[in-house]
Engineer: 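Submitted below is the structure of interest, expressed as structure tokens.
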Protein chains: 2
Amino acid sequence: MNNLKYTVPKATLQRFPVYLKALRKLDNLGVQRIMSRELSEFVDIEPTTIRRDFSFLGSLGKQGYGYDVSALIKVFDQHLGGQFEEKLIIVGAGNLGRALMNYNRWNHVVGEIVCAFDIEANKIGSMYEIPVYPLSELKQHIPEGCRIAILTVSKDVQETVNLLVDAGIKGIVDFTHEHIQVPKGVKVKAVDVVSMIQELVFETNSIS
Amino acid sequence: MNNLKYTVPKATLQRFPVYLKALRKLDNLGVQRIMSRELSEFVDIEPTTIRRDFSFLGSLGKQGYGYDVSALIKVFDQHLGGQFEEKLIIVGAGNLGRALMNYNRWNHVVGEIVCAFDIEANKIGSMYEIPVYPLSELKQHIPEGCRIAILTVSKDVQETVNLLVDAGIKGIVDFTHEHIQVPKGVKVKAVDVVSMIQELVFETNSIS
DNA sequence: TGAAGTTTATTAAAATATTCACAATCTTAA
DNA sequence: TTAAGATTGTGAATATTTTAATAAACTTCA
């Protein structure tokens, strides 16, 4: 696996999860085959863009027929890490961290949340069956092979990031409000509701 | 305001919130002026890209000097809707919805969360000083001029979206796990942790 | 079985986005 | 006040991404 013919464009990479999500929904609805034109209306991406995107993962469709939904899902799962069973950690066991622990769709999608960390002593313990350790014991408790952390702390953000990078984390899903810096080789995906609203406001304004 | 010289490229639009966030941090650190080269290291975007991006909002810098941080922040605030005092609503008062209500950075950044809605009767009431109404009373209680909704429901997702669109919502920050469909003219920003992790996994794999 | 009708995969063209390179213009320090 | 030094803003060049166009190949129904 992971022997992609050529490098996949960044733009395409960002659309893969959108496709996967849509395909899962279609699968649930009982749809067994789909054509790029149909899928296009569903995800609001041009059919030709969809076909090109898919082509980076191989020749997944059949002429005159379309794509087999469940086969597509399998391929995407494979390439998007579905089989990797990523070991994830949550850093910050506040409101948001707890809400995320309570998400029940983690397993068998990308992996599982193994444990969480927090500075504040009164949050240490176990929540929703996920153990919460003191941040000071990060290196002791971080799961073997753990590469991705979900960051929901609200204080000492950059310091915490440094600790994570030090512990070998390669990807951070960043829920903080602050701007964080990481060395080359570490990826950050910022989840900032405020920023998203700003984008929405700006786009809405630009249109009218 | 909002009389931009030309249309701002989509790619640039997505970077604006990144700049604003970084500039706020710099401002807090007491930095009063900054050059594109310095800012570049901070946000990991090429200096020339930064300058071009800024140029869409006007001639904000001075040759041989750089940019005035607080002046920049003002301009961005203006264009990113900081002055609009958006009226926001949260739809879905579950774990995540509550966590978002508890965020304390809303005010004077893009606007305020005026109220929330939920289907389940036992969640109706008031949380963190934000009133929660039954979804059936959406049209009664939706604030005047409200354009943006934050969606955190876990059931009947598409049905809820339809209600929102019907009520005049133009932008949705989507925290659900499902794929949603909206008519042209309505924008969706999906916040999907699972998708983000998938992107991270994929990127990390692509590199090695 | 074969011909008509579809739809993919892909080459080529168009549109977007990024980066280069440098003139214009500001700062700063003597 | 002026000259040296620095950095912006922007045409031009490059790179990337999207879209158009179509040949190849599959399905389906008579």
Side-chain angles (χ1 to χ4, degrees), chain A residues 4-19 22-23 26 31-73 75-76 79 199 202-203 206-207, chain B residues 4-19 22-23 26 31-73 75-76 79 199 202-203 206-207:
Chain A
L4 303 182
K5 282 189 283 190
Y6 306 102
T7 54
V8 181
K10 256 173 126 180
T12 296
L13 224 59
Q14 294 188 333
R15 282 189 295 266
F16 278 166
V18 176
Y19 296 135
L23 289 167
L26 288 165
V31 178
Q32 296 187 349
R33 69 182 251 196
I34 194 157
M35 290 151 303
S36 57
R37 187 138 48 85
E38 291 177 290
L39 187 57
S40 169
E41 287 188 25
F42 210 67
V43 297
D44 199 30
I45 297 170
E46 290 297 313
T48 186
T49 303
I50 292 176
R51 291 202 297 277
R52 181 169 299 280
D53 282 349
F54 285 8
S55 77
F56 288 107
L57 298 182
S59 288
L60 309 179
K62 286 179 189 169
Q63 284 93 333
Y65 178 90
Y67 299 87
D68 186 80
V69 174
S70 64
L72 265 187
I73 291 175
V75 173
F76 272 104
H79 285 286
E199 280 181 57
F202 200 102
E203 286 178 32
S206 306
I207 292 164
Chain B
L4 303 182
K5 282 189 283 189
Y6 306 102
T7 54
V8 180
K10 256 172 126 178
T12 296
L13 223 60
Q14 294 188 333
R15 282 189 295 266
F16 278 167
V18 176
Y19 296 136
L23 290 166
L26 288 165
V31 178
Q32 297 187 347
R33 71 182 249 198
I34 194 156
M35 289 152 301
S36 57
R37 187 139 49 87
E38 290 178 291
L39 187 56
S40 169
E41 287 189 26
F42 210 65
V43 296
D44 198 29
I45 297 171
E46 289 299 312
T48 184
T49 303
I50 292 175
R51 292 203 297 277
R52 185 169 297 280
D53 281 350
F54 285 8
S55 77
F56 288 107
L57 299 181
S59 288
L60 309 179
K62 286 179 189 171
Q63 284 93 334
Y65 178 89
Y67 299 87
D68 185 81
V69 173
S70 64
L72 265 188
I73 291 175
V75 172
F76 272 103
H79 285 285
E199 281 181 55
F202 200 102
E203 286 177 31
S206 305
I207 293 163

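Every chain is numbered from 1, with letters handed out A, B, ... down the list of sequences.
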Engineer: Decide yes or no for A:Glu38 and A:Leu26: does some side-chain heavy atom of the first lie under 4.5 Å from some side-chain heavy atom of the second?
Structural biologist: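 They are not in contact (no side-chain heavy atoms under 4.5 Å apart), so the answer is no.
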Engineer: Ignoring hydrogens and geometry beyond distance, is the side chain of A:Arg52 in donor-acceptor contact with the base of C:dT11 at under 3.5 Å?
Structural biologist: yes
Engineer: Check this for me: does the side-chain of A:Arg37 come within 3.5 Å of the base of C:dT7 through a donor and an acceptor?
Structural biologist: no
Engineer: Which residues in residues 42-49 of chain B have a heavy atom closer than 4.0 Å to any atom of DNA chain D?
Structural biologist: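 Per residue number, the list reads B:Thr48.
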Engineer: Under 4.0 Å, heavy atoms only, any strand: does A:Phe54 hit a base, just the sugar-phosphate, or nothing?
Structural biologist: nothing
Engineer: Could you tell me how far apart A:Gln14 (CD) and D:dT16 (P) are, to the nearest whole angstrom?
Structural biologist: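 Distance, rounded to whole Å: 15 Å.
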Engineer: Heavy atoms, side chains only, cut-off 4.5 Å: are B:Val43 and B:Arg15 in contact?
Structural biologist: no
Engineer: How many whole angstroms separate atom CD of B:Glu41 from atom C1' of D:dT7?
Structural biologist: 16 Å
Engineer: Taking C-beta and beyond as the side chain, do B:Phe54 and B:Leu72 meet within less than 4.5 Å on heavy atoms?
Structural biologist: yes
Engineer: Take atom OH of B:Tyr65 and atom C1' of D:dG9, then tell me their distance rounded to the nearest Å.
Structural biologist: 18 Å
Engineer: Separation of B:Phe56 atom CZ from D:dT10 atom P, in whole Å?
Structural biologist: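 In whole Å, D:dT10 P and B:Phe56 CZ are 10 Å from each other.
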Engineer: Looking at A:Tyr67, does any N or O in its side chain come under 4.0 Å of the phosphate oxygens OP1/OP2 on C:dT6?
Structural biologist: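 For C:dT6, neither OP1 nor OP2 has a side-chain N or O of A:Tyr67 closer than 4.0 Å.
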Engineer: Expressed in angstrom and rounded to an integer, what is the separation of A:Ile50 atom CD1 from C:dT10 atom P?
Structural biologist: 17 Å
Engineer: Can you find a heavy atom in the side chain of B:Phe16 that is under 4.5 Å from one in the side chain of B:Val8?
Structural biologist: yes
Engineer: Between B:Asp53 and B:Arg33, just flag the one whose closest nucleotide in DNA chain C comes earlier from the 5' side.
Structural biologist: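 Nearer the 5' end of the strand: B:Asp53.
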Engineer: What's the shortest heavy-atom distance between A:Ser40 and A:Pro47, and which atoms?
Structural biologist: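 Between these two residues, the closest heavy atoms are OG-CD, 3.4 Å.
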Engineer: Would you mind reading off the distance between A:Leu13 atom CG and D:dT18 atom P, rounded to a whole angstrom?
Structural biologist: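 Whole-Å distance recorded here is 12 Å.
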Engineer: Could you check how far CD1 of A:Ile34 sits from P of D:dT27, rounded to whole Å?
Structural biologist: 18 Å
Engineer: Does a nitrogen or oxygen in the side chain of A:Ser55 sit under 4.0 Å from OP1 or OP2 of C:dA9?
Structural biologist: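 Checking A:Ser55 against C:dA9: no side-chain N or O falls below 4.0 Å of OP1 or OP2.
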Engineer: If I compare all heavy atoms of A:Ile50 with all of A:Tyr19, which pair ends up nearest, and what's the gap?
Structural biologist: CA-OH, 3.6 Å
Engineer: What heavy-atom pair brings B:Leu57 and B:Leu60 nearest, and what distance separates the two atoms?
Structural biologist: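 Closest heavy-atom pair between B:Leu57 and B:Leu60: O-CD2, 3.9 Å.
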Engineer: Taking any heavy-atom pair under 4.0 Å as a contact, classify A:Thr12: base, sugar-phosphate, or nothing.
Structural biologist: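 No contact.
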Engineer: Distance check needed: C:dA9 P versus A:Met35 CE, whole Å only.
Structural biologist: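 After rounding, the gap between these two atoms is 14 Å.
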Engineer: Taking for each residue the nucleotide of DNA chain D with the nearest heavy atom, is it A:Arg51 or A:Gln63 whose nucleotide lies nearer the 5' end?
Structural biologist: A:Arg51
